[in-house]
Amino acid sequence: MFRKTSGNFFKDVYEVVALIPRGRVTTYGAIAQYLGSKQSARMVGWALHQEGCKAYYPAHRVVNKQGLLTGKHFFAETQSMESLLALEGVLVQNDQLQNFENLFWDPCQELNYWPLD
DNA sequence: GACATGACGGCAG
DNA sequence: CCTGCCGCCATGT
């Protein structure tokens with residue numbers, strides 16, 4: 001289940017993102033850590049770029065460690081991250097998540113799995 | 001097959 | 001406090 005990166009990195013990212021509860025958000029680093037490679041946060045963002053812009057899954061719930069919407073630029077204006085998040089009750093101001101630490105959803109914690117690290 | 005790049009993050013200077 | 005570099009993995013040229 002917790003298979004490491006074996007070409008399924010995208011799949012794993014997709015899987016984790018899909019598990020993000022509505023109205024909550026997570027970070028690239030958190031997902032990367034959950035996948036066992038906390039240092040490959042870049043890959044997470046890259047993975048989202050592959051399928052994220054298609055709006056097939058809530059990529060808008062994934063932000064950077066600062067709670068900043070770094071990827072909003074890749075969303076269509078009609079479905080901007082801010083709007084989508086706002087619909088879920090998540091307040092965003094100037095690309096910055098409000099009350100971010102309270103909305104933060106850590107897969108390692110919520111999924112009851114802690115990497116051996 | 002090699003080099004450059006990307007929605008990041010942590011640490012060093 | 002701010003700037004810069006390295007690491008990580010997969011994709012594109």
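Throughout, protein chains are lettered first and strands after them, A, B, ... in sequence-line order, and every chain is numbered starting at 1.
Here the separation of C:dC8 from B:dG1, taken at their P atoms, is 22 Å to the nearest Å.
Between A:Trp46 and A:His49, the ring planes are perpendicular. Angles over 60° get that label, and only those under 30° would be called parallel.
Between A:Ile31 atom CD1 and B:dA7 atom C1' there is a gap of 11 Å when expressed in whole angstrom units. Rounding to whole angstrom units, CD of residue A:Gln66 and P of B:dG10 are separated by 10 Å. Atom CD in A:Gln33 sits roughly 12 Å away from atom C1' in B:dG10 (whole-Å rounding). Computed from coordinates, the A:Arg61 CZ to B:dA7 C1' distance equals 17 Å when rounded to whole Å. One can place NE2 of A:His49 at 16 Å from C1' of C:dC9, the figure rounded to the nearest angstrom. Between A:Asp12 atom CG and C:dC9 atom P there is a gap of 13 Å when expressed in whole angstrom units. Atoms CG (A:Leu97) and C1' (B:dA7) sit 14 Å apart, rounded to a whole Å. If you take CG of A:Leu35 and C1' of C:dC8, they are 12 Å apart, rounded to a whole angstrom.
When the nucleotides B:dG9, B:dG6, C:dC8 are ranked by their closest atom to the side chain of A:Lys65, B:dG9 comes out on top. The listed nucleotides are C:dC8, C:dA10, B:dA7; the one nearest the side chain of A:Met43 is C:dA10. When the nucleotides B:dC8, C:dC9, C:dA10 are ranked by their closest atom to the side chain of A:Phe10, C:dA10 comes out on top.
Taken from NE2 in A:His73 to OG in A:Ser80, the straight-line distance is 13.5 Å, to the nearest 0.5 Å. Interatomic distance, A:Tyr14 OH to A:Leu19 CG, rounded to the nearest 0.5 Å: 10.5 Å. Considering NE2 of A:His60 and CG of A:Leu48, their distance stands at 12.0 Å, rounded to 0.5 Å. For the atom pair CZ (A:Arg61) and CG (A:Leu85), the distance works out to 8.0 Å, reported to the nearest 0.5 Å.
Not a single donor-acceptor pair, N or O on each side, falls under 3.5 Å between the base of B:dG9 and the side chain of A:Arg42.
Along DNA chain B, the nucleotide closest to A:Trp46 and the one closest to A:Thr27 are compared, and the more 5′ of them pairs with A:Trp46.
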